[in-house]
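What follows is a short report on a single structure.
Below, all heavy atoms of this structure are taken into account, side chains as well, without hydrogens, waters or symmetry copies. Every chain is numbered from 1, with letters handed out A, B, ... down the list of sequences.
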There are 2 protein chains.
Amino acid sequence: MTQDSRRTDHGPTIYEVAERAGVSIATVSRTLRGTGPVAPETRRRVLEAAEALRFTPSRAGVSLAEGRHAATGIVFPDLSGPYYAEVLMGCEEVASELGRSMIVLSTRGRSEVPRLVRDLAGRVDGLVVFGGTVPDDLLAELAGGGHPLVLIASAPLPGADLVAAENHDSAVRLAEHLVGHGHRTFTLLGAGDGSDIAQRWRGVTGVLERLGLPAGAPVPCAFTVEGGYAAGRELLARTGRPDAVVCADDQIALGVLLAAEELGLSVPADVAVTGWDDIMAARHARPALTTVRQPMRELGARAARALDELIGGERTGSRHQTLPTELVVRASCGTHPLEEA
Amino acid sequence: MTQDSRRTDHGPTIYEVAERAGVSIATVSRTLRGTGPVAPETRRRVLEAAEALRFTPSRAGVSLAEGRHAATGIVFPDLSGPYYAEVLMGCEEVASELGRSMIVLSTRGRSEVPRLVRDLAGRVDGLVVFGGTVPDDLLAELAGGGHPLVLIASAPLPGADLVAAENHDSAVRLAEHLVGHGHRTFTLLGAGDGSDIAQRWRGVTGVLERLGLPAGAPVPCAFTVEGGYAAGRELLARTGRPDAVVCADDQIALGVLLAAEELGLSVPADVAVTGWDDIMAARHARPALTTVRQPMRELGARAARALDELIGGERTGSRHQTLPTELVVRASCGTHPLEEA
DNA sequence: CCGTCCTATGTAAGCGCTTCCACTGTCCGG
DNA sequence: CCGGACAGTGGAAGCGCTTACATAGGACGG
């Protein structure tokens, strides 16, 4: 039981390299990290020994001595759908350039999120957190505890950076486009958990109100294809079906498309449908989905960079960045002049 | 310059907890980890102190003392498309259950892959590696160096576990289904990098040969929508267009669908198209894509578990696991009796 | 009542690395 | 020639934690 099984068989240590090269460990360290002066001949011997032993410094040792992890954590709900995956990629790429590893933590379906997040916080220099994944009080505790924190698509938090895509104005553009198609009765699908969605709805209803058009409260709906399908079936089957269904994200919209098809309704002739995010399937659906593209990769990249600044202490005050989105007009919102030609 | 900026302001140490509780650090450690006996009253004081200080053990300290990282690394090419993302999720979930963090490394577009992988290997207890992301000699070096290694969808490597989805037989089923639709001339799109794709093609060509049908060499093609689109334009425009285009993955197939649409060809009437993977867009494309679904999440989960066994030393010999796939018949491969009814 | 076991706790030796400091030569400018 | 600057190196003190080992009281059977 007290055998050796407690540890993985680690590689050679700096002592072995030092011995083989006939120098002290200090010299090995200096040589390998390029700090401090080393005689050419010594350097050669050290490098040779390190090479021969395939020496890689123990990360734990380095971390402990340096007092930093050279790693950043990222907390997201799930990786299904391209949104989070893309953000993660953007983040990972920049982090890697900055010499940091990325540790991922998904919260979907997890019961002990606070414990997992605390644990994660303990092994990184800073955290990137998606809105709605971690309880606010825990975030506040972390920020208060001096943990550099960057929030993505989330409500602002004192002491933490925030990176988000523009929501309100994009929604205004989308709504105006739909109104331009002649649509008059709208239904918003996907009640807003998080300020993100709420901002979009404010943009849409603002346009409608200005035009004196009715704008009911958003209809609750799971943010999945199945959720959109179920809600779509219900919504489109009843009398007084809306002209246009504006969905909180593409997955919901795809579900609505499925429901419309099944009900024998034509999109966009009978009903217009729009999404949000521009995931891959949006382009390939028929009719292709009109949606709003978010700069997902860029969101991640910005978050990684902001975190690096926070960690490096180059900046103390928190900063909020809002990235522009792009309205992607496809077939699902109505027939376009160009296509008629 | 030599100021304090070199380290993040870390939280309280075990010493502070010990002092506050009026005990030694050994007792704190024993209390918190539940090793060794502790008097109830002492336990209470320690927990209280730890709570008050919001103490979280420094991961680097723990790692160094324990001689393990409680983390596993995963190397994948990219997270675009749901395939890798799903596998990652499956992996992360199991790893988390086993008390390990997941550190991700994406290789796409990276120049210094070997250095990055070595660095990663230094901060984890074991690695999960997707086929085609890391040079074979580096893998061999890692395996030889005692690093637990699990390969996914890759050529086998001595000393490493392998987890893969079944390829050959699934391809046979797919080909037989297509032949059943009356298709006779086939083109395989996406020349195989990696034994994975090669196995699929062997399955398909095997069926064709048995029936005396021509089966040319797979046509090279980038594994992206754009790649499939470009190849599809070229392929479908020429005289002697095939009955069926069997694509190496769904993204290619989606591109071919786009090309067919643009050329005014009807799928499946003029040409059948099939994919592989069953990504989300496959279901929503019109015609919906016939494809082969891989148990992506399960692949990741198995990999994580296998790695844990390897790390724990519960097993020394390497093991190969092959997971079954599912043929998903949709509209793109031909008209089905049920749909005709 | 004493030797023996446990329980409960402290002591201290690392884990592998970075880096401050001290020390030894060398090389120059004065 | 001499003092000083500096290149080149080793010694040793941690970084925060785990854990073998030592120690000190009881409890308890004989």
Select one nucleotide: of [options], the one nearest the side-chain heavy atoms of [X].
{"X": "A:Ile14", "options": "C:dT18, D:dT9, D:dG16", "result": "C:dT18"}
{"X": "B:Glu66", "options": "D:dC17, C:dT11, D:dT18", "result": "D:dT18"}
{"X": "B:Ala26", "options": "C:dT18, C:dT11, C:dT7", "result": "C:dT11"}
{"X": "A:Ser24", "options": "C:dT18, C:dC15, D:dG10", "result": "D:dG10"}

Using side-chain heavy atoms (C-beta onward) and a distance below 4.5 Å, is [X] in contact with [Y]?
{"X": "B:Leu151", "Y": "B:Leu157", "result": "yes"}
{"X": "B:Leu162", "Y": "B:Thr322", "result": "no"}
{"X": "B:Ile152", "Y": "B:Val87", "result": "yes"}
{"X": "B:Arg44", "Y": "B:Pro40", "result": "no"}
{"X": "B:Leu127", "Y": "B:Thr72", "result": "no"}
{"X": "A:Leu149", "Y": "A:Leu310", "result": "no"}

The criterion is side-chain hydrogen bond (donor to acceptor under 3.5 Å, both in side chains); which residues satisfy it with B:Glu93, sequence neighbours excluded?
none
So does A:Gln321 have more than 12 non-hydrogen atoms from other groups sitting under 6.0 Å from CD?
yes
Using five pairs at each end of the helix from C:dC1-D:dG30 to C:dG30-D:dC1 to define an axis, what is the angle between those two axes, to 10°?
40°
For the base of D:dC15, is there a side-chain donor-acceptor partner from B:Tyr15 under 3.5 Å away?
no
Salt bridge (charged side-chain N to carboxylate O under 4.0 Å, His left out) partners of A:Glu97, counting only residues at least two apart:
none
Between [X] ([atom1]) and [N] ([atom2]), how many Å, whole number?
{"X": "A:Glu16", "N": "C:dC15", "atom1": "CD", "atom2": "P", "answer": "11 Å"}
{"X": "A:Glu41", "N": "D:dA7", "atom1": "CD", "atom2": "C1'", "answer": "16 Å"}
{"X": "B:Ile25", "N": "C:dA8", "atom1": "CD1", "atom2": "P", "answer": "20 Å"}
{"X": "B:Arg45", "N": "C:dT9", "atom1": "CZ", "atom2": "C1'", "answer": "11 Å"}
{"X": "A:Arg123", "N": "D:dC17", "atom1": "CZ", "atom2": "C1'", "answer": "14 Å"}
{"X": "A:His69", "N": "D:dG16", "atom1": "NE2", "atom2": "P", "answer": "11 Å"}
{"X": "B:Leu64", "N": "C:dT18", "atom1": "CG", "atom2": "P", "answer": "12 Å"}

Could you write out each protein N or O paired with an N or O of nucleotides 21-26 of chain D at a distance under 3.5 Å?
none

Heavy-atom closest contact (B:Asp119 atom, A:Ser101 atom, distance):
OD2-OG, 4.2 Å
Kindly state which residues belonging to residues 47-60 of chain B come within less than 4.0 angstrom of DNA chain D, counting heavy atoms of the residue only, listed by number.
B:Phe55, B:Pro57, B:Ser58
Tell me, which pairs form a salt bridge (charged side-chain N to carboxylate O under 4.0 Å, His left out) where one or both residues lie in residues 99-114 of chain A, sequence neighbours left out?
A:Asp78-A:Arg108, A:Arg100-A:Asp125, A:Arg100-A:Asp308, A:Arg110-B:Glu92, A:Glu112-A:Arg115
N/O (side chain, A:Arg33) to phosphate O (OP1/OP2, C:dT19) under 4.0 Å
yes
Please state whether the phosphate of C:dT9, meaning OP1 or OP2, lies under 4.0 angstrom from any side-chain nitrogen or oxygen of B:Thr42.
yes
Taking for each residue the nucleotide of DNA chain D bearing the nearest heavy atom, is the 5' side occupied by A:Thr27 or by A:Gly61?
A:Thr27
Give, for atom CG of B:Leu32 and atom CD1 of B:Ile14, the distance between the pair rounded to the nearest 0.5 Å.
7.0 Å
